[in-house]
Amino acid sequence: MGKKGTEIVQVDLDKLLELLKKAYADEWIAYYAYKWAADMAHGMGSPHVAELAEKIADEEEEHADELAERIIELGGELPYGLEALYDLANCKTVTYPTDMSDLKGILEGLVEAEGCAIDVYTKILKFLSPCYDRDIKTFHLIEHILAEEIHHEDEFENLL
Ligand SMILES: [Fe+2]
Ligand SMILES: [Fe+2]
């Protein structure tokens, strides 16, 4: 990141990078878990659930990309490897029913996963508060991702 761009970041950078990397890991796990549900859901009404899980999985991948860009810009490195991602993640799995034709059970798992993401991003915003101008760019990125997670929770809940 450029000189001025670095100067205006006035937070504990190591702590911030740790929070961002953990969120990055969460996004990949969500991406994988949602795609898995989209493929595995079956039975009556399942195409609606699969379509939504597929769409939201793609949005989680976008979040991972956006976080990656900011992590690198702040001078950090991305964790590599599935084990590293699992170790770092706050939301390590999505709990699905044994019977993947149980659409209510699937949706409940997805709603819970979004709740975990909402907690993660709220925590990062609190870390950057009360003076959000200590790192305006990260604050706005996280605010934008949080708004989408809140919308995801709503979208899954609406199918319940
Ligand atoms: Fe996300
Ligand atoms: Fe989400």
Side-chain angles (χ1 to χ4, degrees), residues 14-74 76-129 132 137-160:
D14 288 341
K15 180 67 192 163
L16 176 62
L17 282 169
E18 187 196 321
L19 292 169
L20 297 179
K21 284 185 212 176
K22 286 171 83 65
Y24 171 82
D26 291 329
E27 294 294 350
W28 278 117
I29 288 177
Y31 171 76
Y32 159 72
Y34 292 7
K35 287 272 180 191
W36 186 88
D39 289 337
M40 289 292 286
H42 60 271
M44 241 208 343
S46 64
H48 289 298
V49 174
E51 195 187 325
L52 185 61
E54 186 84 32
K55 176 188 88 90
I56 294 185
D58 289 338
E59 293 179 9
E60 310 303 4
E61 194 210 349
E62 270 177 42
H63 293 165
D65 284 342
E66 289 165 337
L67 289 164
E69 193 185 323
R70 188 60 181 147
I71 290 166
I72 307 263
E73 206 168 41
L74 288 168
E77 281 175 16
L78 301 178
Y80 179 67
L82 297 179
E83 261 181 56
L85 292 179
Y86 184 79
D87 286 347
L88 276 171
N90 303 286
C91 314
K92 294 190 189 290
T93 190
V94 180
T95 309
Y96 294 122
T98 329
D99 175 3
M100 286 299 281
S101 70
D102 171 7
L103 301 183
K104 186 172 175 283
I106 297 173
L107 287 165
E108 281 168 354
L110 293 166
V111 167
E112 197 187 310
E114 292 297 338
C116 188
I118 290 169
D119 280 342
V120 166
Y121 292 111
T122 304
K123 196 173 133 193
I124 302 179
L125 285 187
K126 282 194 179 145
F127 171 76
L128 293 168
S129 301
Y132 73 91
K137 191 168 179 185
T138 304
F139 190 93
H140 285 307
L141 169 64
I142 301 301
E143 193 183 36
H144 146 80
I145 297 178
L146 174 63
E148 293 198 347
E149 306 301 6
I150 291 170
H151 185 60
H152 292 166
E153 183 193 43
D154 215 39
E155 285 183 290
F156 285 135
E157 253 180 23
N158 286 340
L159 284 189
L160 266 171

Are any non-hydrogen side-chain atoms of [X] and [Y] less than 4.5 angstrom apart?
X	Y	answer
L110	E153	no
T93	I29	no
L74	R70	yes
L78	L67	no
E83	L88	no
I106	D102	no

Q: Assess the side chains of Y32 and W36: does a donor N or O sit below 3.5 Å from an acceptor N or O?
A: no

Q. Any side-chain donor-acceptor pair under 3.5 Å between H152 and E149?
A. yes

I'd like to know if [X] pairs up with [Y] as an ion pair, taking the criterion as any Lys NZ or Arg NE/NH1/NH2 lying under 4.0 Å from an Asp or Glu carboxylate oxygen.
X	Y	answer
E59	K55	yes
K21	E77	no
D58	K35	yes

Q.
Atom NZ of residue position K123 - does it have more than 12 heavy atoms of other residues, nucleotides or ligands inside 6.0 Å?
A.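 Counting neighbours around NZ of K123, 12 or fewer heavy atoms of other residues, nucleotides or ligands fall under 6.0 Å, so no.
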
Q) Of E66, E73, E143, which meets salt bridge (Lys or Arg N to Asp or Glu O under 4.0 Å) against K137? A) E73

(Q) Check for me whether the distance between the ring centres of F139 and F127 falls short of 6.0 Å. (A)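 F139 vs F127: aromatic centres not under 6.0 Å.
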
